[in-house]
There are 2 protein chains.
Amino acid sequence: MTEQTAPTTAAGEPATARGEQTRQLIVDTAMRLFRERGYARTTMRAIAQEAGVAVGNAYYYFGSKEHLIQEFYARSQVEHRAAAEPVLHREDDFAARLAGVLHAGIDVLTPSHSFAASFFKTAAEPTSPLSPFSAESSGPRQAAIGLFAEVLDGSTARVDPELRPHLPELLWLAYMGVVLYWVYDRSPGQARTRKLIDGAVPLVDRLVGLSRLRVLRPVTRQVLDLIRTLRH
Amino acid sequence: MTEQTAPTTAAGEPATARGEQTRQLIVDTAMRLFRERGYARTTMRAIAQEAGVAVGNAYYYFGSKEHLIQEFYARSQVEHRAAAEPVLHREDDFAARLAGVLHAGIDVLTPSHSFAASFFKTAAEPTSPLSPFSAESSGPRQAAIGLFAEVLDGSTARVDPELRPHLPELLWLAYMGVVLYWVYDRSPGQARTRKLIDGAVPLVDRLVGLSRLRVLRPVTRQVLDLIRTLRH
DNA sequence: GACACAAGTTGAACACGTTCAAGAAGGGCG
DNA sequence: CGCCCTTCTTGAACGTGTTCAACTTGTGTC
């Protein structure tokens with residue numbers, strides 16, 4: 001409770017066209033440098049210099065270096081949705097839709113694997129507004145959960161009615177797990193993460209199907225009760 | 001690959017009694033200040049000053065501020081084992097043993113909850129030697145996995161023979177999940193984490209039991225295959 | 001056009017983690 | 001004791017993220 005310097009200033013959106021332009025310039029420069037040199041080796045001074053502004057100016061738009069990461073999240077989320085569109089349009093099988101959306105997410109992240117690890121570090125901080133569980137990330141998180149709601153809604157899958165409302169969030173949580181594995185994945189091209197998706201999706205599919213069986217009802221109940229307890 | 005300044009110098013053990021004494025002095029001071037002010041607000045200068053040594057001296061024993069955290073891990077691991085001893089001696093039911101060991105782990109960590117969050121941040125960095133999955137953490141990790149092997153071995157549980165050799169590591173992984181939840185747990189006294197343990201243990205117990213059923217053999221196989229694929 | 005106020009911009013200054021060249025302490029050996 | 005070598009210790013200096021008081025630019029109002 002007594003901990004953390006966690007940047008608080010949300011550093012409001014620019015109010016003028018000039019401001020918006022500068023903001024974009026800084027973001028674009030930062031993203032380029034992150035990709036070129038990695039997060040740790042990209043200094044705020046370098047970003048400012050390459051963008052042709054003063055250091056303090058960057059802090060006018062972004063409360064901290066970490067806040068630049070949030071921009072990365074937002075962009076990735078939008079790209080993810082776009083990349084998932086074709087599969088969601090084409091397939092109606094639950095497993096196929098889920099696998100498609102998961103692969104789309106990793107597709108979008110792959111070019112950033114080298115520096116995404118550093119991002120992850122700050123994202124993992126529970127008190128950080130950058131945490132995927134934080135209030136500040138509520139927007140992107142809800143969007144992401146919505147994506148998995150779509151996976152479910154557009155599918156022919158039959159799901160236990162008690163489980164159904166919780167499933168999108170659970171799938172998102174599973175996706176967070178996949179991303180966690182991906183961040184740690186040192187195999188070439190993160191091939192193992194692909195195998196994780198292909199291996200885990202059928203299991204999830206089977207599990208979701210089994211949830212309707214009378215025999216497993218008590219277990220399903222037990223799981224749901226636990227989830228409800230753990231929710232905020 | 002091109003990323004990260006990750007501290008490399010293992011900063012060898014002291015070779016003399018004088019060195020050992022100084023090292024202990026620095027660790028003790030650091031742990032006290034971490035507890036008092038939190039990790040972020042404890043500066044290396046403050047640690048050095050309170051310990052009555054020069055800043056550079058701390059760096060002679062610890063490659064970085066983060067390396068002081070590793071000391072915390074090591075201590076916690078030893079305490080965990082000690083705290084788990086009574087339960088392991090008393091119980092022979094798998095679920096009771098598992099719950100006991102998990103609760104013991106959280107018992108040990110609880111006094112440090114306020115600043116453990118900051119620790120977690122650096123631990124989460126995949127390239128960091130402080131990561132629980134890193135080579136440098138191999139020692140404490142193996143010790144922890146060994147603890148869960150003991151949970152299993154000393155129990156009357158009957159387990160699918162194919163699953164059995166993998167189970168200690170899987171239980172450790174589950175424990176990491178519990179710790180992850182605990183770090184994020186903002187409920188008073190982290191009561192929710194306790195409920196997570198009490199709720200999840202029976203499920204794990206049931207699942208482990210079910211793994212022997214003929215009907216579920218294919219699923220068990222599928223899971224094991226996936227695990228093998230994902231292993232290094 | 002002149003004024004006022006908000007929006008945007010600047011760069012020097014600060015605190016921090018970390019490095020390193022220089023030196024002090026200690027101990028074994030003649 | 002005098003010498004040498006390892007171990008330990010020092011604190012000034014560097015690069016970094018971040019702050020902030022001062023300044024400049026833009027925009028609406030009369």
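Note on naming: letters A, B, ... go to the chains in the order of the sequence lines (proteins, then strands), and numbering restarts at 1 for each one.
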inquiry  = Taking the nucleotide of DNA chain D with the nearest heavy atom to each, does Arg18(B) or Arg18(A) sit closer to the 5' end?
reply    =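 Per heavy-atom nearest nucleotide, the more 5' residue is Arg18(B).
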
ask   = Hey, what do you get for NE2 (His166(A)) to CZ (Arg228(A)), rounding to the nearest 0.5 Å?
value =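 Spacing of NE2 (His166(A)) from CZ (Arg228(A)) equals 4.5 Å.
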
Nearest-Å distance, [atom1] ([X]) to [atom2] ([N])?
X: Phe62(A); N: dG17(D); atom1: CZ; atom2: P; value: 15 Å
X: Glu20(B); N: dA25(C); atom1: CD; atom2: C1'; value: 18 Å
X: Tyr60(B); N: dC20(C); atom1: OH; atom2: P; value: 16 Å
X: Glu66(A); N: dT18(D); atom1: CD; atom2: P; value: 7 Å
X: Ile69(A); N: dG17(D); atom1: CD1; atom2: P; value: 12 Å
X: Lys65(B); N: dT16(D); atom1: NZ; atom2: P; value: 19 Å
X: Tyr59(A); N: dA7(C); atom1: OH; atom2: P; value: 23 Å

ask   = Any donor-acceptor pair under 3.5 Å linking the side chain of Arg97(A) with the backbone of Glu150(A)?
value =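 Looks like yes, one N/O pair under 3.5 Å.
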
message = Quick one: does any side-chain atom of His103(A) pair with a main-chain N or O of Ala84(A) as donor and acceptor, under 3.5 Å?
response =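 Looks like no, no N/O pair under 3.5 Å.
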
request  = Would you please confirm or rule out a distance under 4.0 Å between OP1 or OP2 of dC8(D) and any side-chain N or O of Thr22(B)?
outcome  =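 It does not, given that no N or O in the side chain of Thr22(B) lies less than 4.0 Å from OP1 or OP2 of dC8(D).
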
message = For dA6(C) and Thr16(A) - does any side-chain N or O of the residue sit under 4.0 Å from the phosphate oxygens OP1/OP2?
response =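 So the side chain of Thr16(A) is outside the cut-off, no N or O lying under 4.0 Å from OP1 or OP2 of dA6(C).
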
task = Examine the side chains of Arg35(A) and Ser112(A) and answer whether a donor and an acceptor come within less than 3.5 Å of each other.
result =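 Note: Arg35(A) and Ser112(A) side chains meet the donor-acceptor criterion.
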
task = Mind telling me whether Tyr184(B) and Phe133(A) have parallel, tilted or perpendicular rings, with 30° and 60° as the class edges?
result =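 Phe133(A) vs Tyr184(B) ring planes: perpendicular.
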
request  = May I ask you to decide if the ring planes of Tyr175(B) and Phe148(B) are parallel, tilted or perpendicular, using 30° and 60° as cut-offs?
outcome  =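 Geometry flag for Phe148(B) against Tyr175(B): tilted rings.
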
request  = Tell me which nucleotide among dT18(C), dT9(C), dA7(C) gets nearest to the side chain of Ser64(B).
outcome  =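 Nucleotide nearest to Ser64(B)'s side chain: dT18(C).
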
ask   = The side chain of Thr43(B) lies closest to which of these nucleotides: dC16(C), dG17(D), dT9(D)?
value =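 For the Thr43(B) side chain, the nearest candidate turns out to be dC16(C).
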
Given Thr29(B), Ile47(B), Leu33(B), the one that forms side chain to side chain contact (heavy atoms under 4.5 Å, CB included) with Leu68(B) =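 So, applying the side chain to side chain contact (heavy atoms under 4.5 Å, CB included) to Leu68(B) and each of Thr29(B), Ile47(B), Leu33(B), only Ile47(B) qualifies.
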
Near-strand residues of residues 44-57 of chain A, defined as heavy-atom separation under 4.0 angstrom from DNA chain C =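 Contacting residues: Arg45(A), Val53(A), Ala54(A), Gly56(A), Asn57(A).
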
key: side chain to side chain donor-acceptor pair (under 3.5 Å) assessment of His113(B) paired with Thr110(B)   = CA-CA 5 Å; His113(B) 187 262; Thr110(B) 291; over 6 Å; no

task = Only stems of 3 or more consecutive Watson-Crick or G-U pairs count here, both distances under 3.5 Å; name the ones for DNA chain D, or none.
result =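 Only these stems qualify: C:1-30 with D:1-30.
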
inquiry  = Tell me if the aromatic rings of Phe72(B) and Phe115(B) count as close, with their centers under 6.0 Å from one another.
reply    =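 That pair passes the under 6.0 Å test.
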
